[in-house]
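Presented below is the structure to which this report refers.
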Amino acid sequence: MLKKEKESKKLFIKVPKGTQDILPEDTPKWYYIKNIIREILTKYGYQEIRTPSFEYTELFVRGIGESTDIVTKEMFTFPDRKGRSLTLRPEGTAPVVRAYLENKMDRSSQVVKLFYIGPMFRCEKPQAGRFRQFNQFGIEVIGTKSPVVDVEVIIAALEIYKKLGLKNLEILINSVGCKRCRAIYVQKLKEFIKDKKDFLCSECVNRYEKNPLRILDCKKDNCQKIIKTAPIITDYLCQECKQHFKEVKSYLNDLKIKYYVEPRLVRGLDYYTKTSFEIVSGELGAQNAIGGGGRYDDLVEELGGKPTPAVGFAAGIERMIIVMNQQKIGWPKNKGLDIFVAKVSERNKNIAFKLLQKIRNAGLSADMDYSAKSLKSQMRIAHKIGAKYTMIIGEEEISKNMVTLRNMKTKEQKEVEVDNLINELEKGSLG
RNA sequence: GUGGGCGUAGCUCAGACUGGUUAGAGCCCUGGAAUGUGGCUCCAGAGGUCGGGGGUUCGAAUCCCCUCGCUCACCCCA
């Protein structure tokens with residue numbers, strides 16, 4: 001017996017690493033946040049799209065980029081029964097573009113504005129603000145190269161943050177150019193670094209061949225020193241990219257939105273072109289990005305469509321919640337129960353249950369205790385769960401075909417006829 | 001993948017450095033305080049083989065080794 005218990009304790013299964021339960025005390029927060037996201041994005045003309053939680057692996061390999069960290073070491077990939085490779089989505093943009101093409105949305109209208117909310121999966125080592133399953137909301141505007149849209153995406157995100165009450169967010173912005181000018185810049189960068197390679201850290205030496213732009217992001221002191229004097233991409237943008245970046249900045253200025261140009265901002269997804277930005281918070285620890293995005297003018301074509309410019313943004317909801325908690329921002333709490341039904345003795349439980357159901361049918365929330373607890377205990381429960389009223393059913397009341405209704409706040413209570421109960425409640429006993 | 005920190009009651013932790021009688025506190029939980037009423041207070045009670053395994057020792061929560069888990073950082077990102 002004791003041995004069994006011991007063994008069963010060992011067999012407790014825990015949540016997988018990097019995942020978490022959202023408990024009832026927190027679900028209202030999620031409702032609240034998701035509602036605000038939907039409300040504001042709808043206002044901006046975005047429509048919600050829901051894509052599957054997994055896709056064929058190839059979508060992400062082609063979309064995000066073969067050599068990216070996400071694809072090389074962070075994906076949950078598994079074969080289906082026929083051996084086709086599937087992957088839990090690590091991000092939302094590639095699936096949305098896939099759905100856009102698959103459902104011929106390119107034919108139905110000029111510009112398609114979509115948003116999504118849902119879980120993403122990355123098999124990384126968890127730490128502060130980083131999980132293996134996390135939720136993102138994201139927006140995608142497909143079908144226009146106008147820089148106005150880059151800005152709209154940013155301000156839509158900012159409005160959501162603002163509505164939630166998040167403070168002290170910073171916007172970092174950069175342009176990573178297009179295919180052509182980026183290639184030229186990368187060449188310049190490599191030339192600059194070539195004779196300084198020996199002073200770089202071992203990882204950056206690797207990056208030199210694979211993805212030289214990442215060297216800009218290295219935080220090691222030595223690399224920083226070298227990078228400091230390196231050419232910056234914004235000096236090598238082609239005419240079109242330069243003009244685009246200029247317009248984006250000028251719209252931001254017009255709207256009096258504060259931002260920092262960060263020429264070394266390079267994001268880890270290969271599809272970005274031109275505008276690339278990040279929204280960061282000091283309250284997040286090392287993982288300070290609360291959201292990020294940019295333009296991806298080549299992705300639609302990359303995934304088999306016609307050349308179609310697009311821009312998007314994605315934000316981590318868990319990180320938003322972390323910042324909300326840090327900044328002690330409140331959110332609507334669970335609504336208490338309208339009525340708790342308390343029975344004086346077990347003999348009354350059938351009547352109590354019938355009345356309980358009657359109240360529920362009238363559209364009010366109601367509950368009772370199903371074990372044989374004392375009236376005192378039942379009152380305690382009613383108090384603890386925040387019931388507005390407690391309905392007490394005892395022999396005295398039953399003999400008169402009445403119940404006692406107690407207002408938990410004012411502590412006033414009165415007897416009410418059962419036949420008149422719903423009327424009484426609707427009439428305003430509940431305010 | 002590489003490093004640091006931490007695992008003692010449901011929760012927050014003390015005890016560990018300087019091994020030694022039944023391992024503690026607060027909160028929470030359960031029951032009770034003139035018989036049918038919440039909070040506070042008071043009383044009583046439940047709850048841990050100290051993450052797991054091995055070793056040293058007369059004796060281990062405490063020292064050593066292994067292992068698992070959590071956490072933070074690097075990396076990368078939301």
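To find a chain, count down the sequence lines: A is the first, B the second, and so on, and within it residues start at 1. Every heavy atom of this structure was used, including side-chain atoms; hydrogens, water molecules and symmetry mates were not.
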Have a look at Gln413(A) and say if it touches a base, only the backbone sugar-phosphate, or nothing, with a 4.0 Å heavy-atom cut-off.
base
Polar pair under 3.5 Å, donor/acceptor by atom type, side chain Gln378(A), base U37(B)
no
Of the candidates U30(B), A78(B), C75(B), the side chain of Lys73(A) sits closest to C75(B)
Watson-Crick or G-U wobble partner for U18(B), using a 3.5 Å limit on both distances?
none
Give the rounded distance in Å between these two atoms: CE of Met391(A) and P of U37(B).
18 Å
Any donor-acceptor N/O pair under 3.5 Å between G36(B) base and Glu397(A) side chain
yes
Applying a 4.0 Å non-hydrogen cut-off, can you work out what Ala314(A) is touching in the nucleic acid: base, sugar-phosphate, or nothing?
sugar-phosphate
Between Asn288(A) (side chain only) and Val280(A) (backbone N and O only), is there a donor and an acceptor less than 3.5 Å apart?
no
Spacing of Gln136(A) atom CD relative to A78(B) atom P, expressed in whole Å:
6 Å
Just call it for Gly138(A): base, sugar-phosphate, or nothing, with non-hydrogen atoms closer than 4.0 Å on any strand.
nothing
Quickly work out the Met402(A) CE to G36(B) C1' distance and round it to whole Å.
17 Å
Pairing partner of G1(B), by Watson-Crick or G-U wobble and under 3.5 Å for both distances, is C74(B)
Holding to salt bridge (Lys or Arg N to Asp or Glu O under 4.0 Å), I want the full list of residues that pass it with Arg132(A), two or more places apart in sequence or in another chain.
none
Any base atoms under 4.0 Å from Ser377(A), or only sugar-phosphate, or nothing? Heavy atoms, all strands.
sugar-phosphate
Of the nucleotides G36(B), C72(B), U30(B), which one has an atom closest to the side chain of Val344(A)?
G36(B)
Does Thr404(A) make a side-chain N or O approach to OP1 or OP2 of G36(B) shorter than 4.0 Å?
no
Please confirm whether the shortest side-chain N or O distance from Gln127(A) to OP1 or OP2 of A73(B) is below 4.0 Å.
yes
Euclidean distance, atom CZ of residue Phe131(A) to atom C1' of C70(B) [Å, nearest integer]
13 Å
Assess whether a salt bridge exists between Glu48(A) and Arg38(A), defined as any Lys/Arg side-chain N lying under 4.0 Å from an Asp/Glu carboxylate O.
yes
Select base, sugar-phosphate, or nothing to describe what Asn348(A) touches, counting heavy atoms under 4.0 Å on all strands.
nothing
Is there a Watson-Crick or G-U wobble partner for C6(B) with both distances under 3.5 Å, and if so, which one is it?
G69(B)
Return the value, rounded to whole Å, for the distance between atom CG of Asn288(A) and atom P of C72(B).
15 Å
Are Tyr46(A) and Phe115(A), when compared by the centres of their aromatic rings, separated by less than 6.0 Å?
no
For nucleotides C70(B) and A61(B), find the distance between their P atoms and express it as a whole number of Å.
26 Å
Could I get a table of every N or O pair under 3.5 Å where one atom is in the protein and the other is in nucleotides 2-6 of chain B?
unit_1, atom_1, unit_2, atom_2, d
U2(B), O4, Lys125(A), NZ, 2.7

Rounded to whole Å, CZ of Arg132(A) lies from P of U71(B) at a distance of 11 Å
Assign Glu396(A) to base, sugar-phosphate, or nothing according to its heavy-atom contacts below 4.0 angstrom with the strands shown.
base
Can a donor-acceptor pair be found, under 3.5 Å and without considering hydrogens, that links the side chain of Gln378(A) to the backbone of Lys343(A)?
yes
On RNA chain B, check which nucleotide each of Gly292(A) and Leu284(A) is closest to and give me the residue with the more 5' one.
Leu284(A)
Between Tyr296(A) and Glu140(A), does any side-chain donor sit less than 3.5 Å from a side-chain acceptor?
yes
Nucleotide nearest Lys14(A) when distance is taken to its side chain, options G69(B), G32(B), C29(B)
G69(B)
Watson-Crick or G-U wobble partner for A33(B), using a 3.5 Å limit on both distances?
U41(B)
Proximity to RNA chain B (any heavy atom under 4.0 Å), residues of residues 20-29 of chain A only:
none
Under 6.0 Å from the ring centre and within 45 degrees of the ring axis: does the NZ or CZ of Lys34(A) meet both conditions for the six-membered ring of Tyr31(A)?
no
Keeping to residues at least two apart or across chains, list the salt bridge (charged side-chain N to carboxylate O under 4.0 Å, His left out) pairs with something in residues 148-159 of chain A.
Lys43(A)-Glu159(A), Lys113(A)-Glu152(A), Asp150(A)-Arg295(A)
Does Glu74(A) contact C76(B) through a side-chain donor or acceptor facing the base, at a distance under 3.5 Å?
no
Quick one: Asp369(A) CG to G31(B) P, roughly how many Å, whole number?
10 Å
Which nucleotide, if any, forms a Watson-Crick or G-U wobble pair with C11(B), using both distances under 3.5 Å?
G26(B)
Spacing of the P atoms in C64(B) and A16(B) (rounded, Å):
15 Å
Whole angstroms only, please: what is the CD-C1' distance between Glu415(A) and G36(B)?
12 Å
Residue pair Lys274(A) / Tyr272(A), side-chain donor-acceptor N/O under 3.5 Å
no
Under 4.0 Å, counting only non-hydrogen atoms across every strand here, what does Leu269(A) touch: a base, just sugar-phosphate, or nothing?
sugar-phosphate
The criterion is side chain to side chain contact (heavy atoms under 4.5 Å, CB included); which residues satisfy it with Tyr236(A), sequence neighbours excluded?
Tyr185(A), Lys188(A), Pro231(A)
So Asn174(A) and Ile233(A), side-chain contact (heavy atoms from CB on, under 4.5 Å) or not? Walk me through it.
CA-CA 9 Å; Asn174(A) 190 23; Ile233(A) 190 158; 4.0 Å; yes
Are any protein N/O atoms closer than 3.5 Å to N/O atoms in nucleotides 38-47 of chain B? If there are, list each pair with its distance.
unit_1, atom_1, unit_2, atom_2, d
G38(B), N7, Arg406(A), NE, 3.4
G38(B), N7, Arg406(A), NH2, 2.7
G38(B), O6, Arg406(A), NE, 3.0
G38(B), O6, Arg406(A), NH2, 2.7
G38(B), O6, Met408(A), O, 3.3
G38(B), N1, Met408(A), O, 2.3
G38(B), N2, His383(A), ND1, 3.1
G38(B), N2, Met408(A), O, 3.0
G38(B), N3, His383(A), ND1, 3.1

Arg360(A) side chain vs Ala366(A) backbone, donor-acceptor pair below 3.5 Å
yes
Before giving the answer on side chain to side chain donor-acceptor pair (under 3.5 Å), spell out for Thr404(A) and Glu397(A) the whole-Å C-alpha distance, their side-chain angles and the decisive distance to 0.1 Å.
CA-CA 7 Å; Thr404(A) 297; Glu397(A) 287 87 347; 2.6 Å; yes
side-chain contact (heavy atoms from CB on, under 4.5 Å) between Leu269(A) and Glu91(A): does it pass, once the steps are laid out?
CA-CA 10 Å; Leu269(A) 296 92; Glu91(A) 61 101 48; 3.8 Å; yes
